[in-house]
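Input: a single structure, listed below in structure tokens.
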Protein chains: 2
Amino acid sequence: MQTRPRRYHHGDLRAALLTRAEETLEEKGPGALSLRELARDLGVSHAAPSRHFKDKQALLDALALAGFERLLATLTASQETAGESFADRLGALARTYVGFATANAELLDLMFAVKHDPEASEALVKASQSMGGLAAELITQAQRRGEVREGPLETIAIPIFSTLNGFARLAVSVTLPSATLDRDLEHVIAHTLRGCAPDSPAPR
Amino acid sequence: MQTRPRRYHHGDLRAALLTRAEETLEEKGPGALSLRELARDLGVSHAAPSRHFKDKQALLDALALAGFERLLATLTASQETAGESFADRLGALARTYVGFATANAELLDLMFAVKHDPEASEALVKASQSMGGLAAELITQAQRRGEVREGPLETIAIPIFSTLNGFARLAVSVTLPSATLDRDLEHVIAHTLRGCAPDSPAPR
DNA sequence: ACCTGAACACCGTTCAAGT
DNA sequence: ACCTGAACACCGTTCAAGT
């Protein structure tokens, strides 16, 4: 009765699992994520997912990795439409980062979770380091423009990224009231800019 | 054959559950935390924990709450032995915070987890806000001493706490290499101090 | 190559019943 | 008041077997 032959079950179980998993992750939290339920939702047997992910943890790792890739792409795009000044670029980065965090709260939690499979960790470390690379670009460029103080990269990049990621995660946890979130973010950006400013030129 | 009569099972199941839960949390991660195994470890029936925690989540919430209380106590103590200057006090706070984070990685994850029971959340929000109170004290005092720029409290406290908590969580996740952790923390402290410094007095 | 079905050992939660 | 034992509905994982 099917007009077109149905392919395997509907094409790409692996991708379908990831998509559906991320939906239920964000909707119902990580505790409610069950391989069996995923399989049920997609109309395959409960053992089918094991063909694509050896483990439940393997699926979570894949989810986290995809999250890093998406975040990195969004951050990179934010830099392309931003102005030239460090203030503009940092602002764009921060707002994009926090936007991603609030829209993907559980996913962000997963991405920075303490525990991962040792082998998947490698890919995850690499992915999170690409974000460090992006921050490095931003800063060295701003240093060349004289908008950021001189000094080894990591003495500036790590504090900035700590602040950004820290604020994003506070925003997403119960800690910060969401009513003042936008305003608070602007304070964080302003504060960060202060900390990056070059030493005021000797007055004369 | 017991020389002394055994009390109920050994006194305080609730406390015993929390203690044991935190041990296995830090040892084997949150996924390995099972109420049934906890009960087995303590030699009670698998249904016994439900007398003290209506839920698995309730136990996790209690764990998080205890974590906040312990962290707050440690931070408060760190201020009592620290010097008078803002640099000293902030440094002591930061080192203590990061020390707690690395020693209690999984617990910190739990404390700032996205999802909690609505009713437990209230207590958790209150607990995390006491930390805000501690930061507030630190800053207003430093403002009075002229070591921190003027301005509404939240424009300084939120950025500081974001940085602190952000660094602590990066340190604990896969993101930062542990080899340079101490050095990186000092950079973060120095950077934060810069961002808090009062405007340089008008030269004359 | 990809999936199924049955099986195994484990969960969390509930509830009558015991002391 | 605090705990037990059985029961229920659910897991993740494995493995022979099917196509």
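Chain naming here is simple, since letters A, B, ... match the order of the sequence lines and numbering starts at 1 in each.
Counting only Watson-Crick and G-U wobble pairs whose two distances sit under 3.5 Å, DNA chain D takes part in these stems of three or more pairs: C:4-8 with D:12-16, C:12-16 with D:4-8.
Across the protein-nucleic acid pair, A/D12 atom CG and C/dC3 atom C1' stand 15 Å apart, rounded to whole Å. For the pair A/R51 CZ and D/dT19 C1', the interatomic distance rounds to 13 Å; values are reported in whole Å. Summarising the geometry, the separation between CG on B/L17 and P on C/dG12 is reported as 12 Å, rounded to the nearest angstrom. The separation between B/F53 atom CZ and C/dC11 atom P is 18 Å, rounded to whole Å. If you take NE2 of B/H52 and P of C/dT13, they are 15 Å apart, rounded to a whole angstrom. Spacing between atom CG of A/L38 and atom P of D/dC11 amounts to 11 Å, rounded to whole angstrom units. A/K56 has its NZ atom 13 Å from the C1' atom of C/dC10, to the nearest Å. Rounded to whole Å, atom P of D/dA1 lies 17 Å from atom CZ of B/R14.
Dashed line: the shortest gap from a side-chain N or O of A/S34 to OP1 or OP2 of D/dC10 is not under 4.0 Å. Taking only side-chain nitrogens and oxygens, B/S50 never comes nearer than 4.0 Å to OP1 or OP2 of C/dG12. Dashed line: the shortest gap from a side-chain N or O of A/S45 to OP1 or OP2 of C/dG5 is not under 4.0 Å. Distances shorter than 4.0 Å separate none of the side-chain N or O atoms of B/R36 from OP1 or OP2 on D/dC10.
For B/L35, the side-chain atoms get nearest to C/dG12 when compared with the rest of C/dG12, C/dT4, D/dG5.
A/H46 comes within 4.0 angstrom of a nucleotide base, judged by non-hydrogen atoms across all strands.
A donor-acceptor pair under 3.5 Å is absent between the side-chain atoms of B/T180 and the main chain of B/R183, judged by distance alone.
Between B/Y97 and B/F161, the ring planes are perpendicular. Angles over 60° get that label, and only those under 30° would be called parallel.
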task = May I have the step-by-step check of salt bridge (Lys or Arg N to Asp or Glu O under 4.0 Å) for A/E186 and A/R95, ending in yes or no?
result = CA-CA 9 Å; A/E186 297 308 317; A/R95 288 180 203 105; 2.9 Å; yes
message = Could you walk me through whether B/R40 and B/E37 satisfy the salt bridge (Lys or Arg N to Asp or Glu O under 4.0 Å) test, starting with their C-alpha distance in whole Å, then the side-chain angles of each, then the deciding distance to 0.1 Å, before giving a yes or no?
response = CA-CA 5 Å; B/R40 245 178 277 131; B/E37 189 178 358; 5.2 Å; no
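Side-chain contact between B/R145 and B/T140: absent, with no pair of heavy atoms (C-beta onward) separated by less than 4.5 Å.
Aromatic rings of B/F112 and B/F68 (six-membered ring for Trp) have centroids within the 6.0 Å cut-off, being under it.
At a threshold of 4.0 Å, the pair B/E150-B/R144 does not count as salt-bridged, since none of the basic side-chain nitrogens sits closer than that to a carboxylate oxygen.
Looking at which nucleotide of DNA chain D each of A/R40 and A/K54 is closest to, the 5′-most match is held by A/R40.
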